[in-house]
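Notes follow once the structure below has been shown.
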Amino acid sequence: MTHLLDLLLEAHGGEERWSKVTTVTAMSHIGGPMWSLHQVPGILGSREVTVDFGTQRTVFRDYTEAGLRGIYTPDHVSIVDEDGRTVQERRNPLASFDGFKLDTPWDMLHALYFVGYATWNYLTTPHLLTLPGVQVRDLAPEQPALDQQPGLSGGWRRLGVTFPDDITVHTKNQTFYYDEDGLQRRMDYAPRVTGGIPAVHMMDGHQEFSGLVFPTRRRVFVPDPEGPGLLADPFITLDYSDIRVE
């Protein structure tokens, strides 16, 4: 492991504690203009979500309506009723995004795939960085090209991360940023499902739950199409509350 990886694992509760987790459940509050742009406004809002640490699986309660569950796995997304009957499903969901751009309309299964894998990534981090096949490396503290506004990198240390093909993520190569205490403050990526548009994902509001530290406030920014830098308002907002660790 790199020195920075050691530091960030300890800052978020320690590798040993994370290795014992089986599930994390939270209230997820999701907003921002992205959902209207993809023609699925209000599809998420506030929902209870559970991620499984033993496999890539995310479950949203009351997905699209009360009594339904949205279930994500990398190869299959489905919406099921209270009796476990399938209401809608899609196999090989990533293929359904082929040719998509930032404003391509989505349906409720597209949204489920995106928020399913993203939530699994977020709530399993930093344990995610220790999984087999994940490669990490310390990066020089240079100023990223998109950083036209002050306060986006804050002199934070950077970790380059390359994910293996069997872990579903926004993009194979990402950059994670950490402050002097080892707390995660930012990540950069370019999701395939939104046409590869670069994203700057800021986070704060770190809180401890059952000995583990999670950033509870996340804001995702995208480039300004009319000039350098990023749009001032977040494209996606994401807040977590009532986090339970088992």
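Note that the coordinates shown come from a computational prediction; the quantities given were computed from them, not determined experimentally.
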**Asked** Can you name the residues that form a side-chain hydrogen bond (donor to acceptor under 3.5 Å, both in side chains) with Thr194, not counting sequence neighbours?
**Response** none
**Asked** Say you draw a straight line from CG of Leu230 to CZ of Phe221; how long is it, rounded to the nearest 0.5 Å?
**Response** 7.5 Å
**Message:** Quick check: Trp18 with Phe214 (ring centres under 6.0 Å apart)?
**Reply:** yes
**Prompt:** Is there a donor-acceptor pair under 3.5 Å between the side chain of Arg186 and the backbone N or O of Val200?
**Reply:** no
**All pairs passing side-chain hydrogen bond (donor to acceptor under 3.5 Å, both in side chains) where residues 223-234 contributes a residue, at least two apart** = none
**Item:** Point-to-point distance, once rounded to the nearest 0.5 Å, from OH of Tyr117 to CG of Leu112
**Value:** 12.5 Å
**Item:** Under 3.5 Å: donor-acceptor pair, side chain of Ser96, backbone of Pro93
**Value:** yes
**Fill in**
What one should report as the nearest heavy-atom pair of Pro223 and Pro198 is CD-O, 3.1 Å
**Asked** So, for Val24 and Phe53, which heavy atoms are closest and what is the spacing to 0.1 Å?
**Response** CG2-CE1, 3.5 Å
**Message:** If we ignore hydrogens and angles and just use 3.5 Å, is the side chain of His38 paired with the main-chain N or O of Leu102 as donor and acceptor?
**Reply:** yes
**Message:** Please determine whether salt bridge (Lys or Arg N to Asp or Glu O under 4.0 Å) holds for the pair Arg158 and Asp188, giving the CA-CA distance in whole Å, both sets of side-chain angles, and the decisive distance to 0.1 Å.
**Reply:** CA-CA 10 Å; Arg158 303 191 308 151; Asp188 295 349; 5.9 Å; no
**Message:** Would the distance check show the side chain of Ser78 and the main-chain N or O of Thr86 forming a donor-acceptor pair, the cut-off being under 3.5 Å?
**Reply:** no
**Complete:** In this structure, CD1 of Ile243 is separated from OG of Ser28 (nearest 0.5 Å) by 10.0 Å
**Asked** Can you name the salt bridge (charged side-chain N to carboxylate O under 4.0 Å, His left out) partners of Asp107, sequence neighbours left out?
**Response** Arg90
**Request:** Determine whether Thr64 and Ile43 make a side-chain contact, defined as any pair of heavy atoms from C-beta on separated by less than 4.5 Å.
**Result:** yes
**Message:** Under the rule for salt bridge (charged side-chain N to carboxylate O under 4.0 Å, His left out), what residues qualify as partners of Arg69, not counting sequence neighbours?
**Reply:** none
**Fill in**
So ring-ring contact (aromatic ring centres under 6.0 Å, His included) across residues 224-246, not counting sequence neighbours, yields none
**Prompt:** Which residues satisfy the side-chain hydrogen bond (donor to acceptor under 3.5 Å, both in side chains) test with Arg47, sequence neighbours excluded?
**Reply:** none
**Item:** Reported OG1-to-CD distance for the pair Thr23 and Glu246, which is rounded to 0.5 angstrom
**Value:** 4.0 Å
**Message:** So which atom in Ala118 and which in His170 form the shortest heavy-atom distance, rounded to 0.1 Å?
**Reply:** CB-CE1, 3.9 Å
**Asked** By salt bridge (charged side-chain N to carboxylate O under 4.0 Å, His left out), which residues pair with Asp165, not counting sequence neighbours?
**Response** Lys172
**Complete:** Residue pairs meeting side-chain hydrogen bond (donor to acceptor under 3.5 Å, both in side chains), one or both in residues 49-59, sequence neighbours left out, come to Thr25-Thr50
**Prompt:** Do Asp138 and Arg157 pass the side chain to side chain contact (heavy atoms under 4.5 Å, CB included) test, and can you show the C-alpha distance, the side-chain angles, and the key distance before you say yes or no?
**Reply:** CA-CA 8 Å; Asp138 289 358; Arg157 297 177 64 182; 4.1 Å; yes
**Asked** Do you reckon Leu9 sits in the same ILVMFWY cluster as Val213, going by side-chain contacts under 4.5 Å, direct or chained?
**Response** no
**Message:** Using only atom types and a distance under 3.5 Å, with no angle test, would you say the side chain of Ser36 pairs donor to acceptor with the backbone of Pro33?
**Reply:** no
**Item:** Gap separating the CH2 atom of Trp156 from the CG atom of Leu183, nearest 0.5 angstrom
**Value:** 11.0 Å
**Prompt:** What distance separates Thr171 OG1 from Met187 CE, expressed to the nearest 0.5 Å?
**Reply:** 10.5 Å
**Request:** Mind checking ring pair (Phe, Tyr, Trp, His ring centres under 6.0 Å) for Phe60 and listing every partner two or more places apart, or none if nothing turns up?
**Result:** none
**Request:** May I ask you to check whether His201 and Phe176 place their ring centres under 6.0 Å from each other?
**Result:** no
**Request:** List the atom of Thr216, the atom of Gly205, and the distance in Å for their closest heavy-atom pair.
**Result:** OG1-O, 2.5 Å
**Prompt:** More than 12 heavy atoms of other residues, nucleotides or ligands under 6.0 Å from CZ of Arg61: is that the case?
**Reply:** no
**Item:** Under 3.5 Å: donor-acceptor pair, side chain of Asn92, backbone of Pro74
**Value:** no
**Request:** Without swapping roles, check the side chain of Arg218 against the backbone of Ile236 for a donor-acceptor pair under 3.5 Å.
**Result:** no
**Met203 and Gln184: CA distance, side-chain angles, deciding distance, side chain to side chain contact (heavy atoms under 4.5 Å, CB included) verdict** = CA-CA 7 Å; Met203 59 201 77; Gln184 187 177 8; 3.5 Å; yes
**Message:** Test: ring-ring contact (aromatic ring centres under 6.0 Å, His included). Region: residues 65-97. Which pairs qualify, not counting sequence neighbours?
**Reply:** Tyr72-Tyr113, Phe97-Phe100, Phe97-Trp106, Phe97-His110, Phe97-Tyr113
**Request:** Mind listing the closest non-hydrogen atom pair of His127 and Ser19 along with its distance?
**Result:** CE1-CA, 4.2 Å
**Item:** Within one Ile-Leu-Val-Met-Phe-Trp-Tyr cluster: Val59 and Val115, side-chain cutoff 4.5 Å
**Value:** no
**Prompt:** Can Glu180 and Arg185 be counted as an ion pair, charged N to O under 4.0 angstrom?
**Reply:** no
**Request:** Output yes when a side-chain donor or acceptor of Thr237 lies under 3.5 Å from a complementary backbone atom of Gly31, and no otherwise.
**Result:** yes
**Heavy-atom closest pair, residues Ser210 and Val245** = CB-CB, 3.9 Å
**Item:** Ser241: partners by side-chain hydrogen bond (donor to acceptor under 3.5 Å, both in side chains), with sequence neighbours left out
**Value:** His29
**Message:** Apply side chain to side chain contact (heavy atoms under 4.5 Å, CB included) to residues Gln88 and Leu109 and explain how you reach the verdict.
**Reply:** CA-CA 8 Å; Gln88 291 190 46; Leu109 294 176; 3.9 Å; yes
**Prompt:** Would Val161 end up clustered with Ile167 when hydrophobic side chains under 4.5 Å apart are linked, directly or stepwise?
**Reply:** yes
**Message:** Between Tyr177 and Leu159, is the side chain to side chain contact (heavy atoms under 4.5 Å, CB included) condition met? List the steps.
**Reply:** CA-CA 6 Å; Tyr177 296 70; Leu159 191 73; over 6 Å; no
**Request:** Please name all residues satisfying salt bridge (charged side-chain N to carboxylate O under 4.0 Å, His left out) with Asp81, sequence neighbours left out, ordered by chain then number.
**Result:** Arg85
**Message:** Regarding Glu89 and Arg91, does a basic nitrogen lie under 4.0 Å from an acidic carboxylate oxygen?
**Reply:** yes
